[in-house]
Amino acid sequence: MMDFIILTLHFFICFLISVLIWCGPKDVDSHSSSRGGAETEPDGLIFIGKEEDIKKSQRITAKINGREIVVFYHEGKFHALDSRCYRKIFTYVISDIDGQACIVCPWHKFKITLETGEGLYEGINPLEPSPTPKWQSKGVKQRIHKVTIDNGNVYVSPPDLSVSFDSDYFADKYKNGGELAMGK
């Protein structure tokens, strides 16, 4: 009987999470051209949206050359990352981890900093006399993109693909309409 109650509770919680995701802020892809890329300015920057619109919605998702990125407005700053964590897709939960704003993957509980794309984990040093958990870095796992604000417009610099990150795997896998692509 207890197993049935736990299973029912689990189902109900999953249902509530699905409703919250479904009813949450919507992704926008209005900046893509008929070729599937965002509007590129003469200086190479890619127009993402109006500053005030992004501030109101707290985020916007766009495609750059078929690659899904998300631009967040959090605590007075804009941040841009690949829209998929280095395992799957974000549901855009932001938490403060050890003084850093982080995306937290709801499935894997990975914590990724908005500023640097670093993966964080809490670990202990068993050789310490009284080991206490401390936040440590897994290194940069997530591709971040430089954000520029000019005359109320938000732009993102195209990614430097000469350097590889773990998030590139999922960004490339779903680049052009993979089974988990945005909006499908």
Find the distance between [atom1] ([X]) and [atom2] ([Y]) and round it off to the nearest 0.5 Å.
{"X": "I112", "Y": "I94", "atom1": "CD1", "atom2": "CD1", "value": "12.0 Å"}
{"X": "N153", "Y": "E52", "atom1": "CG", "atom2": "CD", "value": "11.5 Å"}
{"X": "N125", "Y": "S130", "atom1": "CG", "atom2": "OG", "value": "11.5 Å"}
{"X": "I54", "Y": "I149", "atom1": "CD1", "atom2": "CD1", "value": "7.0 Å"}
{"X": "L114", "Y": "Q142", "atom1": "CG", "atom2": "CD", "value": "10.0 Å"}
{"X": "D166", "Y": "D82", "atom1": "CG", "atom2": "CG", "value": "11.0 Å"}

Worked verdict on F78 versus E51 for side-chain contact (heavy atoms from CB on, under 4.5 Å): CA-CA 9 Å; F78 287 92; E51 181 178 9; 3.8 Å; yes

Note: D98-K111 ion pair, threshold 4.0 Å (strictly below):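 No salt bridge links D98 with K111.
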
Residues E128, K134: salt bridge by 4.0 Å N-O rule: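 Answer for the salt bridge query: yes.
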
Pair Q100-T113, side-chain donor/acceptor within less than 3.5 Å: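 No.
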
Residues Y121 and Q136: side-chain donor-acceptor under 3.5 angstrom: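 A pair is found: one side chain offers a donor N or O, the other an acceptor, under 3.5 Å apart.
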
Which pair of non-hydrogen atoms, one from [X] and one from [Y], has the smallest distance, and what is that distance?
{"X": "S164", "Y": "D168", "answer": "CA-OD2, 3.4 Å"}
{"X": "G44", "Y": "P158", "answer": "O-CD, 3.3 Å"}
{"X": "V71", "Y": "A80", "answer": "CG2-CB, 4.0 Å"}
{"X": "R67", "Y": "P159", "answer": "CD-CG, 4.4 Å"}
{"X": "R59", "Y": "F72", "answer": "CB-CD2, 4.0 Å"}
{"X": "D96", "Y": "A101", "answer": "OD1-N, 4.4 Å"}

CA sep, side-chain torsions, deciding dist, call: S157, L45, side-chain contact (heavy atoms from CB on, under 4.5 Å): CA-CA 5 Å; S157 298; L45 295 176; 3.4 Å; yes

Sub-4.5 Å side-chain heavy-atom contact between S83 and I69: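 They are not in side-chain contact.
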
Test item: Q58 and H74 side chains (from C-beta on) under 4.5 Å apart, heavy atoms: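 With C-beta onward as the side chain, the pair stays apart.
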
D53 and I60: CA distance, side-chain angles, deciding distance, side-chain contact (heavy atoms from CB on, under 4.5 Å) verdict: CA-CA 9 Å; D53 294 339; I60 187 171; over 6 Å; no

Check: S167 side chain, R143 main-chain N or O, donor-acceptor pair, under 3.5 Å: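 Checked: pair present.
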
V163 reachable from I144 in the ILVMFWY side-chain graph, under 4.5 Å edges: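 Different clusters: I144 never reaches V163 through Ile, Leu, Val, Met, Phe, Trp or Tyr contacts under 4.5 Å.
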
Derivation and outcome, side-chain contact (heavy atoms from CB on, under 4.5 Å), residues W135 and I97: CA-CA 8 Å; W135 288 102; I97 307 290; 3.5 Å; yes

K146, NZ atom: more than 12 neighbouring heavy atoms under 6.0 Å: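 Result for NZ/K146: open.
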
